[in-house]
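First comes the structure, then the notes that go with it.
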Protein chains: 2
Amino acid sequence: MDAIAQTADQEPAPDRHLSSFIGYAMKRALSIVQADFARALAEHDLRAVSFSALSIIVGEPGLTQTQLADALQIERSNLVTIIDELAGRNLIVRAAVAQDRRRHALMPTTAGKQLAAAAQASATEHERTLFACLTESERSELQRILQKFRKQAAV
Amino acid sequence: MDAIAQTADQEPAPDRHLSSFIGYAMKRALSIVQADFARALAEHDLRAVSFSALSIIVGEPGLTQTQLADALQIERSNLVTIIDELAGRNLIVRAAVAQDRRRHALMPTTAGKQLAAAAQASATEHERTLFACLTESERSELQRILQKFRKQAAV
DNA sequence: TATTGTTATACTCTATAACTATA
DNA sequence: TATAGTTATAGAGTATAACAATA
């Protein structure tokens, strides 16, 4: 490759004045990931938030709606329709809790566990393909740094 | 530090079944950054999108609304009110373009340039503080990997 | 015919308050 | 009194279609 080819597509990006911000780089990267993720989950008729909710319920059966809302960082009130949808598709049930009749223990059904497993496989595969442009070392560093940041900078 | 102290707060996070996804780690990290960023910009009465728009106009004076919408990855129609707001505060002007009277050349005012500079300084300082929990090497690696990903995985 | 900025609109997301039933 | 789930609602944010002016 020669100097001409190397500088051929050096059209300056109009957003270059924002690229010093890590937050901006994160946002742009995330929007690419989200679009890909949404495509992967659409095969299973799941939105990202429904997938996250279902995955947590499968991994943590019996948790309450308030606990799930906290885990997802959404308001309890906004979780209701998500749970309604999952329950309506017989992927989870709101089970009664004997000790406290205010609470619902969220339990996955067999179909819910199966769908979660299939969707997780799709999502994992899509992410593997999407991040193939990074080296294995870069992927693990990215994960490690993001998780360190989240843990230490958390509000 | 002993083994007891190390394992003291090992309460399992309910979302641990999602943490294998880089996209999930990105989303959680970004939500922390966005909250901090919003606080920094609120001092200047700017939202993130207004700040981004103003910064691009200052760095690239004369660009059109369509070009700016593309740079910000938002719809032209949704940019209108953002531009209205910035113009209403006399931070930018919609200048006429002699060669094509359909277009507006977006130009920063002196006040706009000053506010952009001040807001950029605030945002930079907030980001510096927020990311102080990472090493210099981790911060630069994070930036580098995110930008490599965006460049290579872009749709 | 096509493009730029604009308006109108609908749909999703998010946040807040208030209600009910339970504790 | 306080909490869990729910309802209603308002405000953002986002996407689409269509229009007037201009090319």
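Each chain gets a letter, A, B and so on, in the order its sequence line appears, and its residues count up from 1.
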Inset, instruction - Rounded to the nearest angstrom, tell me the gap between atom CD in B:Gln67 and atom C1' in C:dT3. - result: 13 Å
Inset, instruction - Test for a donor-acceptor pair under 3.5 Å between the base of C:dA15 and the side chain of A:Asn78, counting only N and O atoms. - result: yes
Inset, instruction - Choose from D:dT22, D:dG13, C:dG5 the nucleotide whose nearest atom is closest to any side-chain atom of B:Asp100. - result: D:dT22
Inset, instruction - Starting from C1' on C:dT14, measure out to NZ on B:Lys27 and report it in whole angstrom. - result: 11 Å
Inset, instruction - From the options D:dG5, C:dT16, C:dT4, select the nucleotide whose nearest atom is closest to the side chain of A:Glu75. - result: C:dT16
Inset, instruction - Ignoring backbone atoms, test whether B:Arg103 places a side-chain nitrogen or oxygen under 4.0 Å from the OP1 or OP2 oxygen of D:dA23. - result: no
Legend entry - Donor-acceptor side-chain pairing of B:Thr64 and B:His104 below 3.5 angstrom: no
Legend entry - B:His104 side-chain proximity, nearest of C:dT14, C:dG5, D:dT16: C:dG5
Legend entry - Side-chain ion pair, A:Arg94 and A:Asp84, N-O less than 4.0 Å: yes
Inset, instruction - Rounded off to whole Å, could you give me the CD-to-P distance for the A:Gln65 and C:dA21 pair? - result: 17 Å
Inset, instruction - Kindly say if B:Arg102 contacts the phosphate of C:dT3, meaning a side-chain N or O under 4.0 Å from OP1 or OP2. - result: no
Legend entry - Salt-bridge present (B:Asp36, B:Arg128; N to O < 4.0 Å): no
Inset, instruction - Using heavy atoms to find the nearest nucleotide of DNA chain C for B:Leu63 and A:Arg47 separately, return the residue whose nucleotide is more 5′. - result: B:Leu63
Inset, instruction - Could you point out which residue of A:Ile57, A:Leu68, A:Ile56 forms a side chain to side chain contact (heavy atoms under 4.5 Å, CB included) with B:Pro14? - result: A:Ile56
Inset, instruction - Take atom CG of B:Leu79 and atom C1' of C:dT7, then tell me their distance rounded to the nearest Å. - result: 14 Å
Legend entry - Whole angstrom value for the distance that separates P of D:dA12 from CD1 of B:Ile74: 16 Å
Legend entry - First of B:Arg101 and A:Ala105 reached from the 5' end of DNA chain D, by closest nucleotide: A:Ala105
Legend entry - Rounded distance (Å) that lies between atom P of C:dG5 and atom CG of B:Leu72: 13 Å
Inset, instruction - Verify the contact: side-chain N or O of B:Gln73 to OP1 or OP2 of D:dT14, cut-off strictly under 4.0 Å; return yes or no. - result: no
Inset, instruction - Before giving the answer on side chain to side chain donor-acceptor pair (under 3.5 Å), spell out for B:Ser55 and B:Gln120 the whole-Å C-alpha distance, their side-chain angles and the decisive distance to 0.1 Å. - result: CA-CA 8 Å; B:Ser55 291; B:Gln120 278 161 13; 3.0 Å; yes
Inset, instruction - Report yes or no: is there a donor-acceptor pair, N or O only, under 3.5 Å between the side chain of B:Arg76 and the base of C:dG5? - result: yes
Inset, instruction - Remember a base hit wins even if backbone is also touched, and classify A:Ser77 as base, sugar-phosphate or nothing at under 4.0 Å, heavy atoms. - result: base
Legend entry - Atom-pair distance (CZ on A:Arg94; P on D:dG5), nearest Å: 9 Å
Inset, instruction - For B:Gln34 and C:dT14, give me the distance from atom CD to atom P, rounded to whole Å. - result: 11 Å
